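Atom set for the values below is all heavy atoms of this structure, side chains included, hydrogens, waters and symmetry mates excluded. Please read these numbers as outputs of a predicted model, since none were measured by experiment. Each ligand, and each atom within it, is numbered from 1 in the order the structure gives.
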Amino acid sequence: MTQDELFKVLVAHCKEYGFIFPSSEIYDGLAAVYDYGQMGVELKNNIKQYWWNAMTRLNENIVGIDSCIFMHPRIWEASGHVGAFNDPLIDNKDSKKRYRADVLIEDFLGKIEEKINKEVEKGRKRFGEAFDEAQFRATNPNVLREQAKYDEVHGRYKKAEDANDLAEYRQIIIDNNIVCPISGTCNWTDVRQFNLMFQTSMGSTAEGASTIYLRPETAQGIFVNYLNVQKTGRMKIPFGIAQIGKAFRNEIVARQFIFRMREFEQMEMQFFIKPGTELEWFKKWKEQRMKWHVNIGMGAENYRFHDHEKLAHYANAATDIEFQFPFGFKELEGIHSRTNWDLGRHQQYSGRKIEYFDPEEGAAYTPYVVETSIGVDRMVLAVLSHSYKEEKLDNGETRVVLSIPAPLAPVKAAVLPLVKKDGLPELAQKVMDQLKFDFNCQYEEKDSIGKRYRRQDAIGTPYCITVDHQSLEDGCVTVRERDTMSQERVPITELRALIDKRVNLNNLLRNL
Ligand code: ATP
């Protein structure tokens, strides 16, 4: 199966098993808006809990808040979003499809890189042990030709980006014959800036109503509460404020399932520090956040840092943590050193003094900020796309299994009476009653045991517990493990401890 096909199968699987539904589906859906179903919401909550506890429980100097989606419109002027939260859009006149001009160029560059890497791999195979990659890259004519093309386009693109030269974006697209994937033509409109914020109005009368925005990030809710939290929590620098909440962006291109949504959820943490210490903290948070990811157990090789070449005017360091999604390495989380830009701007726009009196320094200053910002939905997609597997079994059948890391799995254990009679359902219910306070469990008595195992595999349940006739006599049940499919007899009294060992989120947190 190609990665493309895998992605389509995954989207269908998510719907079939109650993870993710297109929003408003009975009205044919709403573009780039998705609802979480009965399984999806559990997975999402577990991810949020892992993040929240890692931030607020493991760090005594980080506290959480929950600020509103609606905020004073001046906030978005101060933050720069009204003026500059734009994407460059371009339309194909034949297909009438809309694209981000920067993404078209970046994808084109990505393809050249792929070609170069393929050449290198061919060389590696051909020369075996004696292969010298650096020399190959410096001398192979195919690599040299592609590299020259890459450097030329990349150079022009960066210049255009720095100068905000939209006409040059279009020219790069035309000169390189970058076509619309739908129409296959190069018949493009001019490139225009498009503001990504959703607007609505607040107030009951037309005259009195004011335009407000749905927040495009949760971070500003933290900045404008900085003084409240610092004072009431008697927080001393360095300290952090964490928040999980919805954000809204009117994305131009929204064709990648929950990777790019118009309504999504973010987990952000702003860490307030003394000016001059920001690069040290930036490094620390880079390491911490990578550790949080790798600790989940989805393979360190599937993550990488992508340091920003072009920094926003307010940032003095920035990196992305990228994950290997089915469509390649893409941003999962951003880590930015934002200086005192945001607090400084709110100070200026609100007229309120936003400072910290440092008792050790005996002086007041506007704190600097290092932020970590991750999309909950992209995390859900990372977990699901990594976990989906189609396995060939010894008997020739194929089983679909979601090998979701056990502490994040929506359902931890399924309790299954072998048959629907002879007192087995009653005993199974007793097992449920014992386990349900600690774990999200599912009781199922319909269909053959084999079919029930398959259904649990498909939603990623780590343990299936089967109650059979012998259980009535010896008080033991059969426990089947999802990944190995191995089975063992376990006394009912020991079930809780056995399941807990593997699924308890605290064990993940202890490794951080
Ligand atoms: P991209 O370059 O992919 O548009 P971004 O750099 O604009 O992302 P940030 O503003 O840094 O993203 O937002 C922080 C995080 O929020 C991202 O790393 C991502 O996980 C998540 N995120 C941003 N936009 C979306 C979206 N439209 N849908 C889902 N998650 C998103």
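Annotation for ligand 1: atoms under 4.0 Å from non-hydrogen atoms of Glu251 are 24 (N), 26 (C), 27 (N). Listed by number with element, the atoms of ligand 1 under 4.0 angstrom from any heavy atom of Ser373 are 13 (O), 14 (C), 15 (C), 18 (O).
Cation-pi geometry between Arg378 and Phe259 is satisfied (NZ or CZ under 6.0 Å from the ring centre, within 45° of the ring normal). A cation-pi contact, defined as under 6.0 Å to the ring centre and within 45° of the axis, links Arg289 to Trp292. At least one cation-pi condition fails for Lys48 and Trp52: the charged atom is not both under 6.0 angstrom from the six-membered ring centre and inside a 45 degree cone around its axis.
Scanning both residues, Ala247 and Gln266, for their nearest heavy atoms gives CB-OE1, 3.8 Å. In terms of heavy atoms, Phe70 sits closest to Tyr213 at CD2-O, 4.3 Å.
With hydrogens left out, the protein atom closest to atom 22 (N) of ligand 1 is Phe264 CE1, 3.5 Å, a heavy atom. What sits closest to atom 29 (C) of ligand 1 on the protein, heavy atoms only, is Phe259 O, 3.3 Å. Taking atom 16 (O) of ligand 1 as the reference point, the nearest protein heavy-atom neighbour is Gln266 NE2, 3.3 Å. Atom 19 (C) of ligand 1 has as its closest protein heavy atom Arg378 NH1, 3.5 Å. Nearest non-hydrogen protein atom to atom 28 (N) of ligand 1 is Met261 N, 2.9 Å. For atom 7 (O) of ligand 1, the closest heavy atom belonging to the protein is Arg249 NH1, 3.1 Å. Residue, atom and distance of the protein heavy atom nearest to atom 8 (O) of ligand 1 are Glu331 OE1, 3.7 Å.
Between Tyr34 and the options Phe257, Phe264, Phe19, a ring pair (Phe, Tyr, Trp, His ring centres under 6.0 Å) holds for only Phe257.
With a 4.0 Å heavy-atom cut-off, ligand 1 is reached by the backbone of Leu332 but not by any atom from C-beta on. At a 4.0 Å heavy-atom cut-off, ligand 1 touches Glu333 through the backbone alone.
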Run the side-chain hydrogen bond (donor to acceptor under 3.5 Å, both in side chains) check on Thr185 and Asn92 step by step: do they pass?
CA-CA 8 Å; Thr185 71; Asn92 183 270; 3.3 Å; yes
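Listed by first then second residue, pairs satisfying salt bridge (Lys or Arg N to Asp or Glu O under 4.0 Å) with a partner in residues 217-242 number zero, not counting sequence neighbours.
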Please tabulate, for side-chain N and O atoms in residues 98-109, each donor-acceptor pair with protein atoms closer than 3.5 Å (sequence neighbours left out).
| residue | atom | partner | partner atom | Å |
| --- | --- | --- | --- | --- |
| Arg98 | NE | Asp91 | OD1 | 2.8 |
| Arg98 | NH2 | Asp91 | OD2 | 3.4 |
| Arg100 | NE | Asp102 | OD1 | 3.2 |
| Arg100 | NH1 | Asp87 | OD2 | 3.4 |
| Arg100 | NH2 | Asp102 | OD2 | 3.1 |
| Glu106 | OE2 | Tyr157 | OH | 2.4 |

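At least one N or O atom of Gly375, backbone or side chain, sits closer than 3.5 Å to an N or O atom of ligand 1. Taking distance alone, with nitrogen or oxygen atoms compared against 3.5 Å, Ile258 stays at or beyond that limit from ligand 1. At under 3.5 Å, a nitrogen or oxygen of Arg260, whether backbone or side chain, sits near a nitrogen or oxygen of ligand 1.
Rounding to the nearest 0.5 Å places CG of Asp165 at 10.0 Å from CZ of Arg156.
Ligand 1 lies nowhere less than 4.0 angstrom from a heavy atom belonging to Asp377.
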